[in-house]
Engineer: 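Encoded as structure tokens, here's the structure I'll be asking about.
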Amino acid sequence: MSPHHTEVAGDGPLIPRPERTPAALRAACAVVAPQLVAAYDQAKDQALAEAVAHGSLGPVHAYLTHWAALIEIERHPETAKAYHRAEYLAHIATEPATARAHLTTASGIYRAAAEAVRAE
């Protein structure tokens, strides 16, 4: 299994994959990543404001897609641990090449999660 695959061996989901609706994603976030609920609410409010300002649902679709991927990561504890570790190590890296390597890992995990929810 590739290290960028959403499900790490033995890393079963904590909850079923939620529907891609604001209420379902928020409820899932409250269970698997309660520390992110405030950020979720802020992202939803911003997406709605941008949608109104631009007369387009594009921002709402982007926010739903992004949060569906984040929730997909958080549903799998070992995957979430690897994702957050890679982000943290990228943030504290003192060499650009090291930061880039950790960001590559984090973005691979994110892309796999996005693909998993898109494929559903």
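We count residues from 1, following the sequence as given.
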Engineer: Less than 4.5 Å apart, any side-chain heavy atom of Arg26 and any of Pro22?
Structural biologist: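 Not in contact.
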
Engineer: Rounded to the nearest 0.5 Å, how far apart are OG of Ser56 and NE2 of His61?
Structural biologist: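 Result: 7.5 Å between the selected atoms.
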
Engineer: Between Leu64 and Leu25, does the side chain to side chain contact (heavy atoms under 4.5 Å, CB included) criterion hold? Intermediate values first, please.
Structural biologist: CA-CA 8 Å; Leu64 290 171; Leu25 290 173; 3.8 Å; yes

Engineer: State, to 0.1 Å, how close Ala28 and Ile71 come at their nearest heavy-atom pair, and which atoms those are.
Structural biologist: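 Nearest heavy atoms, Ala28 then Ile71: CB-CG2, 3.8 Å.
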
Engineer: Looking only at non-hydrogen atoms, find the nearest pair between Ala51 and Pro59 and report the distance.
Structural biologist: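 Closest heavy-atom pair between Ala51 and Pro59: N-CG, 3.9 Å.
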
Engineer: Taking side chain as C-beta onward, heavy atoms only, is Val32 less than 4.5 Å from Ile15?
Structural biologist: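 Val32 reaches Ile15 side chain to side chain.
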
Engineer: Please name the pair of heavy atoms, one in Ile73 and one in Ala113, separated by the smallest distance, quoted to 0.1 Å.
Structural biologist: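 For Ile73 versus Ala113, the nearest heavy atoms are CG1-CB, 3.6 Å.
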
Engineer: Would a line drawn from the ring center of Tyr40 to the ring center of Tyr63 be shorter than 6.0 Å?
Structural biologist: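 Close enough - the centres of the two rings lie under 6.0 Å apart.
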
Engineer: Rounded to the nearest 0.5 Å, how far apart are CG of Leu89 and NE2 of His84?
Structural biologist: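 One gets 13.0 Å once the value is rounded to the nearest 0.5 Å.
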
Engineer: Would you say Leu14 and Val31 are hydrophobically clustered, going by side-chain heavy atoms of ILVMFWY under 4.5 Å?
Structural biologist: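 Yes, one cluster joins them.
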
Engineer: Using a distance-only test with no angle check, is there a side-chain donor-acceptor pair under 3.5 angstrom linking His76 and Tyr83?
Structural biologist: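 His76 vs Tyr83: no donor-acceptor pair found between side chains.
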
Engineer: Is Gln42 atom CD crowded by more than 12 heavy atoms from other residues, nucleotides or ligands, each under 6.0 Å away?
Structural biologist: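 Not more than 12 within 6.0 Å, no.
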
Engineer: Roughly how far apart are Arg118 CZ and Arg111 CZ, rounded to 0.5 Å?
Structural biologist: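 Taking CZ in Arg118 and CZ in Arg111, the distance rounds to 10.5 Å.
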
Engineer: Heavy atoms, side chains only, cut-off 4.5 Å: are Glu72 and Pro13 in contact?
Structural biologist: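 Contact flag for Glu72/Pro13 side chains = no.
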
Engineer: Between Gln46 and Glu50, do the side chains contain a donor N or O and an acceptor N or O under 3.5 Å apart?
Structural biologist: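 There is such a pair (donor and acceptor under 3.5 Å, judged by atom type) between the side chains of Glu50 and Gln46.
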
Engineer: Can you name the closest pair of heavy atoms from Arg20 and Thr65 and give their distance?
Structural biologist: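 For Arg20 and Thr65, the tightest heavy-atom pair comes out as NH1-OG1, 3.6 Å.
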
Engineer: Would you please test Glu74 and Leu36 for side chain to side chain contact (heavy atoms under 4.5 Å, CB included) and show each step?
Structural biologist: CA-CA 10 Å; Glu74 296 295 337; Leu36 297 178; 4.2 Å; yes

Engineer: Just wondering, do Glu87 and His102 contact through their side chains at under 4.5 Å, heavy atoms?
Structural biologist: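 Answer no - side chains too far apart.
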
Engineer: Please find the pair of heavy atoms, one from Ala69 and one from Val117, that lie closest to each other, and give the distance.
Structural biologist: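 Closest pair (atom of Ala69, atom of Val117, distance): N-CG2, 4.3 Å.
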
Engineer: When you measure from the side chain of Thr98 to the backbone N and O of Thr94, does any donor-acceptor pair fall under 3.5 Å?
Structural biologist: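 Side chain of Thr98 to backbone of Thr94, a donor-acceptor pair under 3.5 Å: no, none is there.
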
Engineer: Ignoring hydrogens, what is the shortest heavy-atom contact between Gly12 and Pro77? Give both atom names and the distance.
Structural biologist: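 Smallest interatomic distance, heavy atoms only, reads O-CD, 3.7 Å.
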
Engineer: To the nearest 0.5 Å, tell me how far Gln35 CD sits from Cys29 SG.
Structural biologist: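 Between Gln35 CD and Cys29 SG, I get 7.5 Å after rounding to 0.5 Å.
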
Engineer: Establish, from distance only, whether the side-chain atoms of Arg100 and Thr104 form a donor-acceptor pair under 3.5 Å.
Structural biologist: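 Judged by distance alone, the side chains do not pair up.
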
